[in-house]
Every structure is written in C-alpha cells, then in structure tokens.
Amino acid sequence: MNTNEDRKYGTPYVETEIVAAMTVQDVDHVRALLAQMLPGERRALEHRCMEIAGMIQVMREEEE
C-alpha cells in the first residue's frame with residue numbers, strides 16, 4: 001500500500017499523485033504507484049479517468 005513517503009509531489013491521495021506525476025510526464029513514478037495499487041483500485045481509477053475524459057469530450061462538443 002502507498003504511504004506518504006511515496007508522494008513525491010506532496011498530494012494527499014495516490015490518485016492525485018498519479019495525475020500530478022502525469023502532468024510532468026513522470027511515467028516511472030506513475031508506474032510505481034500503479035504497481036502498488038490493488039487490481040480493483042486500478043480498475044476504479046481507470047473508470048473514473050474514462051468518465052472525466054467523457055465529460056471533457058461533451059464540453060468540447062458543446063463549445064463548438
């Protein structure tokens with residue numbers, strides 16, 4: 001399980017740490033964090049990311 005020591009970017013949650021790391025393209029850190037998550041946690045994160053991507057797509061279409 002992740003600890004605060006794993007939080008290179010100082011975020012309170014592993015999910016926000018992953019987003020922060022991706023923002024600066026720190027892929028190695030992202031992979032290390034994902035590897036520590038349980039399969040169900042990774043699936044839940046994937047699902048939430050897909051929902052966010054869908055919301056962004058809807059907003060993009062509304063802006064056109």
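Residues meeting the side-chain hydrogen bond (donor to acceptor under 3.5 Å, both in side chains) test with Glu63, sequence neighbours left out: none. Every residue meeting the side-chain hydrogen bond (donor to acceptor under 3.5 Å, both in side chains) condition with Gln57, not counting sequence neighbours, appears here in chain and number order: Arg60, Glu61.
Here the CD atom belonging to Glu46 is positioned 6.0 Å from the CE atom belonging to Met50, to the nearest 0.5 angstrom. The distance from atom CD of Glu41 to atom CG of Leu34, rounded to the nearest 0.5 Å, is 10.5 Å. Atom CD of residue Gln36 and atom CZ of residue Arg42 lie 10.5 Å apart, to the nearest 0.5 angstrom.
Nearest heavy atom pair, residue Ile18 against residue Val30, reads O-CG2, 3.8 Å. The minimum heavy-atom distance between Arg7 and Pro12, with the atom names listed, is NH1-O, 3.0 Å.
Applying the salt bridge (charged side-chain N to carboxylate O under 4.0 Å, His left out) test to residues at least two apart or on different chains, the pairs with a partner in residues 9-29 are Lys8-Asp26, Glu15-Arg48.
Under the 4.5 Å side-chain heavy-atom criterion for ILVMFWY residues, no single connected hydrophobic cluster contains both Tyr9 and Val19.
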